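The structure presented is a predicted model; accordingly, all values stated were derived computationally and were not measured.
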Amino acid sequence: MGYFWREAARGVRHTGWMSVASVLTVSVALFVLGVFGVLSINLEHAANALNRQVELQAYFKPSMKPAAEHAFLAALKHEPGVRRVIFVSKTQALGQLKKEFPHDTTLWQLISQGNPLLDGFQVYTKQPRQIPPLARTLRKSPDVGQVVYQATVVSRLTVVTRILRTGGYVVEALLAFATLFIIANTIRLGVFARRREIAVMKLVGATDWFIRWPFLLEGIYLGLMGAVLASAAVIVGYHWVFHTAAHVVAFFPLAGVSVIERSTMETTGVGGVAVGLLGSLWALRRFLRV
Amino acid sequence: MVRAQARVLWRTRGRCVEEHRIWGDAVIIRLETVTKRYPNGHVALDDVSLTIPRGEFVFVVGPSGAGKSSLIRLLYHEEVPTSGEVYVDQFRLGRLRRGQVPRLRRLLGVVFQDVRLLPDRDVYHNVAFAMQVVEASPRDIKKRVPQMLELVGLQARSHHFPHQLSGGEQQRVGLARALVNNPHYLLADEPTGNLDPETAEGIVKLLSEINRRGATVVMATHARDIVNRMNRRVLAIEGGRLVRDDARGRYEEEGPARTTWLSTVSHEA
């Protein structure tokens, strides 16, 4: 095994600048892959965070007496799947509204004549999927006027994630071609530079795989070097974004740095090895036919 | 069955000369009506049939372009015949599968006029390379390479690079490389072509020593003096045809002086 690594290192030195060029190309491609990974992980993270926050909001019918409302909520607390129930009186709701739209005078005039809002409540479930059945039950209740929940936001976010992923695949496929091409060319140069050795190797009875191994390792090596550069760039960049975001919008739901680090290293590493291996296999496809 | 035996033979390459006895005195190189036509239409060999028994020392002579090199290349499967069949050891070369080529080559040692050493490795590593390539153990390599360098008289030169050596020394390195894996057959294509007569003599002495130790030697050559002095079997090829096969031959056909003189002139031209 030592022999193969030594020969692979020899090959990288032989091809010099071409190796540097292919490492850089690989790292650009893997950097883009890493950025897509970061984006999709974050979208997923945001969707999950929203899912966790997903609440169901409902309003009592205006005819309900406060005592009956409280009794209703007390009973609701014991329903299966319900985590938390918060009562929001119409006075509180009005305060909230004023806070949200402090400069809307028309609105002020309208609601100063008498609070048109309704008493309501927010329900948090233990799991997001428990929301739709709960909403159905509440809608059937004669005391409840209206039920609203955020399923639509979550499903939209999922759609965005899916579009991003598909776009990512297309861009990656193109980049992968470019990368394969340059790695294959680098390896081919190496093969050319060492054609005399290869001729002697064949002459004394080396097997095809014995001749191929150093070149395959060389390809893998180039791919891995690219992966190291790319993941370093992505991780450093993400650290920056993460800390900046923490200052600017404290509660923005960004995925944790360690999650990103691990997944970036994994995807770029696997991508680098794959592209290096495939590139060199592509280059070696024909040369041994002598 | 044949393949199983071949495997045993291959694994025990280190003691191959003894192992080889299991094949008896069978004919081990055989050409049957072999024709080699290159894509450009040139016919290098034309309907050649010959057999070479185990342990023989054979000269292949003839003018340049007569087909000597093509014959050697057919034997180590660098080329395949256009028609006819070539047998070497247990291999039928026309039907050789790709995976079997290394097995054939490990039975052969090949030397060329342009030695084909690796310029960026010293003498020791040029020879060791041939053993690394067939995945010999580092211990065997350490033991065997100096033995080979001693055999060819270059142990003092082992850390020199090819460009620091004379032509004769380079050829001896080539010979050491060809022999280091204990081949059954030694194929030499004009090994003395670039050498002065004395150096050439040394190379041929080595070849006959190797032959004496049991290897079959096939040497394509122009060197009339050597062929005449050695008094071994001579195959003469002209225009791709085998024109003469003498068990104890000379370079030129013994006959009218005029023919001899003419062929001599054409060889030297």
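The two residues A:A206 and B:P102 come nearest to each other via the heavy atoms O-CG, 3.6 Å. Nearest approach of A:V204 to B:V134, heavy atoms of both residues: O-CG1, 3.3 Å.
A donor-acceptor distance shorter than 3.5 angstrom exists from the side chain of A:R196 to the backbone of B:L117, with no hydrogens or angles considered.
When the shell of 6.0 Å around CZ of B:R37 is examined, it contains 12 or fewer heavy atoms from other residues, nucleotides or ligands. Around atom CZ of A:F181, no more than 12 heavy atoms belonging to other residues, nucleotides or ligands sit under 6.0 Å away. Counting non-hydrogen atoms of neighbouring residues, nucleotides and ligands closer than 6.0 angstrom, the OH atom of B:Y38 exceeds 12 such neighbours. Atom NE2 of B:H159 sits in a sparse spot, with 12 or fewer heavy atoms from other residues, nucleotides or ligands closer than 6.0 Å. Summarising the local packing, CZ of A:R262 is surrounded by 12 or fewer heavy atoms from other residues, nucleotides or ligands at distances under 6.0 Å.
In this structure, the side chains of A:E197 and B:D120 come closer than 4.5 Å at one or more pairs of heavy atoms.
The structure places OG1 of A:T207 at 12.5 Å from CZ of B:R105, a figure rounded to the nearest 0.5 Å.
The residue among B:R121, B:Q132, B:M131 with the most heavy atom pairs within less than 4.5 Å of chain A is B:R121.
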